[in-house]
Every structure is written in structure tokens, then in C-alpha cells.
Amino acid sequence: MTDIFNGIQAETDAAGTLHPLAALDAHGLTKGINGRTLWHDLGFHIDPGTITAITGPSGAGKTTLLNAIGLLEPIDRGAITYGHQRLDRLNRGSIRRLYRETYGFLFQNYALVDQWTVGRNLDLAMSSAGIPRSRRACLASRSLAQVGLADKRDAKVYTLSGGEQQRVAIARLLTRSPRIVLADEPTAALDPDNVNRVMNLLRGLADQGSMVIMTTHNPDIVSLTDQHITLMPDD
Ligand SMILES: Nc1ncnc2c1ncn2[C@@H]1O[C@H](COP(=O)(O)OP(=O)(O)OP(=O)(O)O)[C@@H](O)[C@H]1O
């Protein structure tokens with residue numbers, strides 16, 4: 001459960017003590033690929049409970065920055081901190097723990113197992129996150145209801161539309177409410193109705209305390225976010 005404490009998103013621990021949710025800070029981030037500098041001396045601050053858009057022209061390095069925040073891509077220089085943790089200096093074990101407990105990813109191609117049912121896809125994610133079997137059915141039902149797909153639990157993923165598959169991917173996040181949600185062009189392949197649904201669901205995740213960081217080309221989507229980081233290629 002999250003709460004607001006002195007204007008900052010906070011959560012209550014088992015002993016009933018409120019702790020502010022961590023923010024993410026980047027300083028002096030620099031990254032080059034094949035001799036070309038993608039970003040240089042980049043800095044930003046992201047609060048929990050907000051949606052941030054990474055925007056800029058094609059090839060500016062939006063996905064690379066998202067992947068760097070997600071520890072999937074090394075940076076050349078700079079620092080990324082989450083609360084008191086220096087993310088760019090973690091060992092593999094700590095990174096694995098963050099993937100299990102803190103990060104959630106949302107991809108343009110949904111990253112679901114097509115031949116499996118919706119329920120089995122959600123179950124796999126919850127089992128990997130260490131959620132006990134006894135809680136999984138209830139969490140799956142609740143999150144599928146939240147995305148408006150309560151009746152699709154036994155449907156095979158390949159029978160769903162693209163918009164429905166993206167909502168299943170969001171339901172998968174909702175079962176875990178990850179503190180950092182990284183979404184690469186999550187609305188790119190969707191029609192306007194599904195774009196609005198997906199943005200509303202991402203707002204719901206932010207309202208529950210997640211920090212949502214997404215790449216997008218679309219100015220209409222940027223206007224639905226709380227802040228944007230604009231990348232401009234060095235010419
Ligand atoms: N693993 C890689 N190996 C070689 N080049 C790469 C690699 N990853 C990215 N690049 C290059 O780095 C540049 C930035 O790529 P990136 O995908 O981050 O840009 P983007 O802003 O997300 O682009 P788009 O909007 O087209 O998706 C591109 O020129 C890309 O070809």
C-alpha cells in the first residue's frame with residue numbers, strides 16, 4: 001500500500017512505519033556507440049508516482065537510455081542512483097534481485113508467450129517474482145479485472161488483439177506493482193482507443209507509487225506525462 005507523507009509517495013512496512021519511496025537520479029550520463037556520442041553529460045531526477053517520457057528523433061538513443069536505466073546496457077560515464085543505491089555499480093546478484101523486486105518491463109511486442117493462456121503467462125511472471133502459489137490466482141483475477149480482461153484468463157495469447165495483448169502485459173505488471181516500470185514505445189502499435197486505455201493504466205500504476213519511464217515519438221503521448229527528457233543527436 002502507498003500513502004502520501006509530507007507530499008511524497010510513501011509505503012508502510014510490516015511494523016507500520018512509513019518510508020518515502022525512492023527517487024531515481026542520473027548525473028553526467030554519457031554514452032557512445034560505434035564512435036558516435038548518443039548522449040553527453042545528461043542529468044535528470046524522477047520522482048516515484050510519476051510518468052516520464054523519453055523523447056527525441058529516431059536514432060537519438062531513447063531505447064538505449066531506457067535500457068541503461070534498466071541495467072541492460074552499460075553507460076560510458078556518469079551515475080544512476082535509486083534511493084541510496086548506485087545502480088551502475090551493482091553486482092549481478094543485486095541486479096537479479098532488482099529485476100525480481102523492483103523493475104518491470106513493458107515492450108512494444110508485449111513479450112508474452114503466444115501459445116500459452118493469459119493465466120499461464122501471468123503465473124510465470126508471479127512465480128519468477130517469488131509470489132507464493134496460494135496468492136497467484138487471486139492476484140491474476142484482480143489485475144485482469146483492472147485492465148478489463150477478466151474473461152480472457154483462459155484465452156490463448158495469440159487469439160487476442162494487439163491492444164488486448166498490451167493490456168495483458170500491463171496486468172502482468174499489476175500483479176507485482178514494480179517500483180520502476182520501463183516501457184519502450186508501449187503505445188506505438190495501438191489504435192487511439194487502446195492508446196488511451198494503456199496510458200490510463202500506466203497512470204494507475206503511477207498512482208500506486210510506480211515510477212513509469214517510457215519512450216515515445218508521439219507529442220500527444222508526451223502531453224499525458226508529468227515530465228519529459230528530450231534527446232537531441234549531436235550533429
Ligand atoms: N547494440 C547496438 N549495436 C550497434 N548500434 C546500436 C546498438 N544499439 C543501438 N545502436 C545504434 O544506436 C543509435 C540509437 O539507437 P536507439 O534504438 O537507442 O535510438 P532510438 O532513439 O530509440 O531510435 P528509434 O526512435 O528509431 O527507436 C542508433 O543509431 C542505433 O542504430
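Residue numbers run from 1 in the order of the sequence given. Whatever order the structure lists ligands and atoms in, that order sets their numbers, starting from 1.
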*Asks:* Kindly write out the residues that satisfy ring pair (Phe, Tyr, Trp, His ring centres under 6.0 Å) with Tyr82, not counting sequence neighbours, or none if the list is empty.
*Replies:* none

*Asks:* Under a 3.5 Å distance rule, please check whether Lys62 uses its side chain to pair with a backbone N or O of Gly56 as donor and acceptor.
*Replies:* yes

*Asks:* Considering only heavy atoms, does Leu38 approach ligand 1 within less than 4.0 Å through its side chain, its backbone, both, or neither?
*Replies:* side chain

*Asks:* Output, in order, the C-alpha distance, side-chain angles, deciding distance and verdict of salt bridge (charged side-chain N to carboxylate O under 4.0 Å, His left out) for Asp123 and Arg153.
*Replies:* CA-CA 11 Å; Asp123 199 67; Arg153 188 172 169 157; over 6 Å; no

*Asks:* Please confirm whether the backbone N or O of Gly32 pairs with a side-chain atom of Thr37, one donor and one acceptor, at under 3.5 Å?
*Replies:* no

*Asks:* What atoms of ligand 1 come within less than 4.0 Å of a heavy atom belonging to Gly61?
*Replies:* 14 (C), 16 (P), 18 (O), 19 (O), 20 (P), 21 (O)

*Asks:* Report the nearest protein non-hydrogen atom to atom 26 (O) of ligand 1: residue, atom name, distance rounded to 0.1 Å.
*Replies:* Ser58 OG, 2.5 Å

*Asks:* Under 4.0 Å, counting heavy atoms only: does Glu73 come that close to any atom of ligand 1?
*Replies:* no

*Asks:* To the nearest 0.5 Å, what is the distance between OG1 (Thr55) and NE2 (His217)?
*Replies:* 7.5 Å

*Asks:* Flag yes if more than 12 heavy atoms outside Phe107 fall under 6.0 Å of its CZ atom; otherwise flag no.
*Replies:* yes

*Asks:* May I ask you to identify the nearest protein heavy atom to atom 6 (C) of ligand 1, giving residue, atom name and distance to one decimal place in Å?
*Replies:* Ile33 CG2, 3.6 Å

*Asks:* Of all the heavy atoms in Ala60, does at least one lie under 4.0 Å from an atom in ligand 1?
*Replies:* yes

*Asks:* Give me the nearest non-hydrogen protein atom to atom 17 (O) of ligand 1 as residue plus atom name, then the distance to 0.1 Å.
*Replies:* Thr63 CB, 3.7 Å

*Asks:* Give the residue and atom name of whichever protein heavy atom lies nearest to atom 29 (O) of ligand 1, and the separation in Å to one decimal.
*Replies:* Arg36 NH1, 3.2 Å

*Asks:* Using a strict 4.0 Å cut-off to heavy atoms of His217, name the atoms of ligand 1 that fall inside it.
*Replies:* 25 (O)

*Asks:* Do me a favour and list the nearest non-hydrogen protein atom to atom 14 (C) of ligand 1 with residue, atom name and distance?
*Replies:* Gly59 O, 3.5 Å

*Asks:* List the closest protein heavy-atom neighbour of atom 18 (O) of ligand 1: residue, atom name, distance to the nearest 0.1 Å.
*Replies:* Thr64 OG1, 2.5 Å

*Asks:* Atoms of ligand 1 less than 4.0 Å from Lys62 heavy atoms?
*Replies:* 18 (O), 19 (O), 20 (P), 21 (O), 22 (O), 23 (O), 24 (P), 25 (O)

*Asks:* So if I count the atoms of ligand 1 from 1 in the order they appear, which ones are less than 4.0 Å from some heavy atom of Pro57?
*Replies:* 21 (O)

*Asks:* Would a 4.0 Å cut-off, counted as strictly less than, catch a protein heavy atom around atom 2 (C) of ligand 1?
*Replies:* no

*Asks:* Mind checking the CZ-CD spacing from Arg179 to Glu101? Nearest 0.5 Å is all I need.
*Replies:* 11.5 Å

*Asks:* Please determine which of Leu174, Leu122, Ile131 meets the side-chain contact (heavy atoms from CB on, under 4.5 Å) test together with Leu139.
*Replies:* Ile131

*Asks:* Can you confirm whether something in the protein, heavy atoms only, sits under 4.0 Å from atom 10 (N) of ligand 1?
*Replies:* yes

*Asks:* Would a distance-only check, ignoring hydrogens and angles, find a side-chain to backbone donor-acceptor pair under 3.5 Å from Arg176 to Tyr103?
*Replies:* yes

*Asks:* Regarding Ser94 and Asn91, do their side chains bring together a donor and an acceptor under 3.5 Å, going by distance alone?
*Replies:* yes

